[in-house]
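In what follows, a single structure is set out as structure tokens and then discussed.
All values below come from the heavy atoms of this structure, side chains included, with hydrogens, waters and symmetry mates left out. Just so it is clear: chains get the letters A, B, ... in the order the sequence lines come, proteins before strands, and each one is counted from 1.
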Protein chains: 2
Amino acid sequence: MAGPDRKPTIIDVARLAGASIKTVSRVINKERYVSPDMQERIEKAVAELGYQPNMMARSLASERSNLIGHLYGDAGGPYTLEIQVGLLNRCRAHGYHLMIEEIDYRSPNVEQRASAIVNQMRLDGVVLTAPVTDNPIVLRILEDAGVPYVRVTPQQESETSPSVRIDERQAAYTLTQHLLALGHRRIGFIKGKANHTATILRYTGYCEALTDGGVAVDPVLVEQGEFTYASAVPCARRLLDQPHRPTAIFASNDEMAAAVVAEAHNRGFSLPANLSVVGFDDTPLAEMMWPPLTTVRQPVREMAETAADILIGLLSQRGKVDWPKPVPHQVLAHTILLRQSTSRPPGKA
Amino acid sequence: MAGPDRKPTIIDVARLAGASIKTVSRVINKERYVSPDMQERIEKAVAELGYQPNMMARSLASERSNLIGHLYGDAGGPYTLEIQVGLLNRCRAHGYHLMIEEIDYRSPNVEQRASAIVNQMRLDGVVLTAPVTDNPIVLRILEDAGVPYVRVTPQQESETSPSVRIDERQAAYTLTQHLLALGHRRIGFIKGKANHTATILRYTGYCEALTDGGVAVDPVLVEQGEFTYASAVPCARRLLDQPHRPTAIFASNDEMAAAVVAEAHNRGFSLPANLSVVGFDDTPLAEMMWPPLTTVRQPVREMAETAADILIGLLSQRGKVDWPKPVPHQVLAHTILLRQSTSRPPGKA
DNA sequence: CGACGGAATGACAGCGGTGCCATTTCCACC
DNA sequence: GGTGGAAATGGCACCGCTGTCATTCCGTCG
């Protein structure tokens, strides 16, 4: 109980176990060439002292920080949170710690900030989520610093870094087909934020499904939103107030779908009888709203876990060449969730 | 362009600027006693080399990690995310980095894990959110390690650590009063997870308001939920299927309120005409559902920012006694948000 | 004019580990 | 019995920075 007040160091352990610090280090790091006897003595000493290796010292000496960073752009949403949960799961399992950094990708000093994050903290690896995934400055900094990174993004697969995604185009295609199959012909669409890759892919899927189904894409039925509830309200209004209004609306994410639903309720429509609505993402909101929303589930958590696995897998074999060729790309399965916000269009019972 | 390949160190800067590394260190740390001339030379050298101090080395030498941890229990929800956004804001502003760690407070090795997090990473300070705030093991470890922490929790204020909260009892009281003022007399209540402090306080506020308003608390109208949508579904059913059913329902959080709303819709009720519903927290869901939910807004982000401020404020004056006496406790203002899920009870127009 | 105090700078020893390179011990094998 | 090599251990420099304690260089003051 007496003993020195400060935290025990490896030296204390070595002394107590009657070994050299180097040998203690070996035990801590599970290296080979330690006799069972010695190992036991050292482990006992560690336990007795409650010794915990100092990460800082470890990192300094070994050039490995055991830190993984999550760089993301828009603070918000359940998406980011799910990503973190997934990352955390894997980090914990593999002895890494997670450092999260929001980065304003529009700000003029992204460069400075990204560089500070990466270089000062000496992150071992980084996971990027949209829209940071598309920022060339950030990517360059990571490349320059030689920090491996994995991107979680629906974007075009790249030669230089691994990525994890679902097939967003296909998902949107299938979801649109579902509406067509129900008999809808006038299907409104609310796009996401301009320039986001997801926006483009989801819209493409919608267009292709219509075309393949023999329905022309009508620009009057396409609105530009920004992935937020508020942004979708005016879109929903314009769509619903048209004289010849759509019988179904495909919103590019669940939040915007919620806005459509709210506007429909406001007008006294009964859903889905008067109007079918579908969203995208399957955020918690989707099943909490009324009627529960037909949408497509993106396995966000699994995607994050996969990203972490790829990253950690690489880190563990560092010293090799940069990336295995070809660079790994994972496409995870999505799920179309048919809930109660869709039905046959009015008059086509 | 040529130059050494490795990242520049303080030594390179010193050499280039013709100064000692100690002086460079002074400039980096904005210490006093550096001549303007010297300062300029060094800053120029730093810029030229793109020098970034190595946090690991810094931490090791200075015994300060510039790391703040967020320890939380239940992965989920917009709450955790908002907290992180708030913390991140402050961390960024003050040069700290945020390390997030989920900790399973029920697991048998909480102790080991909490200790590992705190001691290995040498966190400078920690912010706790419920329900980790109430875990004596974790608290003890923090105390033992001498790591200052701030709790974001409605719980009883403690002598030993600062806290940030809103007056949950009062908020619930006011919200209940609102329902009473509208003319409701049979007001159902769905409690949160047992043993959570918030659960108790919200329920207490409800009971007190009823009593003060001359209405007896009817146990038939009180259900036990767990703060989740799913847990509230059966509660809502029991409440709504009673022969003499309540005209209003107070759910202990927004998610559970959403469940009530969904069940009401299922029964073809029109809201709020047939049933008033209120929630608690003002999660994004509250304004995205239909009808938009009357609830009480907890300024979660500000609470996190306040917690961070308290913590950082303390860290900056380290070397003093532990905590200033008395330990700071902040109570932030909540806001009752009257939206469209409440109205006079049927028949009392 | 010498003493003295503050400003400006530097030397050097750690902080607590790991990497690299001995060194010692112990066998197996010829 | 000599020898080569793997197993087991230790010594020590060093990772990149800060804390502590000189040291130098003034300007001021009695």
- Query: For R41(B) and dA8(C), what is the distance between atoms CZ and P respectively, to the nearest whole Å?
  - Reply: 14 Å
- Message: How many whole angstroms separate atom OH of Y33(A) from atom P of dA7(D)?
- Response: 4 Å
- Produce a footprint string for nucleotides 13-22 of chain D: one letter per nucleotide, 5' end first; B if the base is under 4.0 Å from any protein heavy atom, S if only the sugar-phosphate is, - if neither. --BBBBBB--
- Message: With a 4.0 Å cut-off on N to O distance, would you call R122(A) and E63(A) a salt bridge?
- Response: no
- Task: Consider only side-chain N and O atoms of Q84(A) and Y72(A), and report whether a donor and an acceptor are under 3.5 Å apart.
- Result: no
- Query: Quick one: which of dG10(C), dG10(D), dT9(D) gets closest to the side chain of A19(A)?
  - Reply: dG10(D)
- So does E111(A) pair up with R140(A), basic N to acidic O under 4.0 Å? yes
- Item | Any T23(B) side-chain nitrogen or oxygen under 4.0 Å from OP1 or OP2 of dA8(C) | no
- Message: Minimum heavy-atom separation for V152(B) and A307(B), please, with both atom names.
- Response: CG2-CB, 3.8 Å
- Message: Between D124(B) and S65(B) (side chain of the first, backbone of the second, donor and acceptor by atom type, cut-off under 3.5 Å), is there such a pair?
- Response: yes
- Query: In whole Å, what is the span from the CG atom of N66(A) to the P atom of dT18(C)?
  - Reply: 11 Å
- Task: Could you tell me whether the phosphate oxygens of dT9(C), OP1 or OP2, come under 4.0 Å of any side-chain nitrogen or oxygen in S20(B)?
- Result: no
- Item | Heavy-atom closest pair, residues T133(A) and R151(A) | O-NH1, 2.8 Å
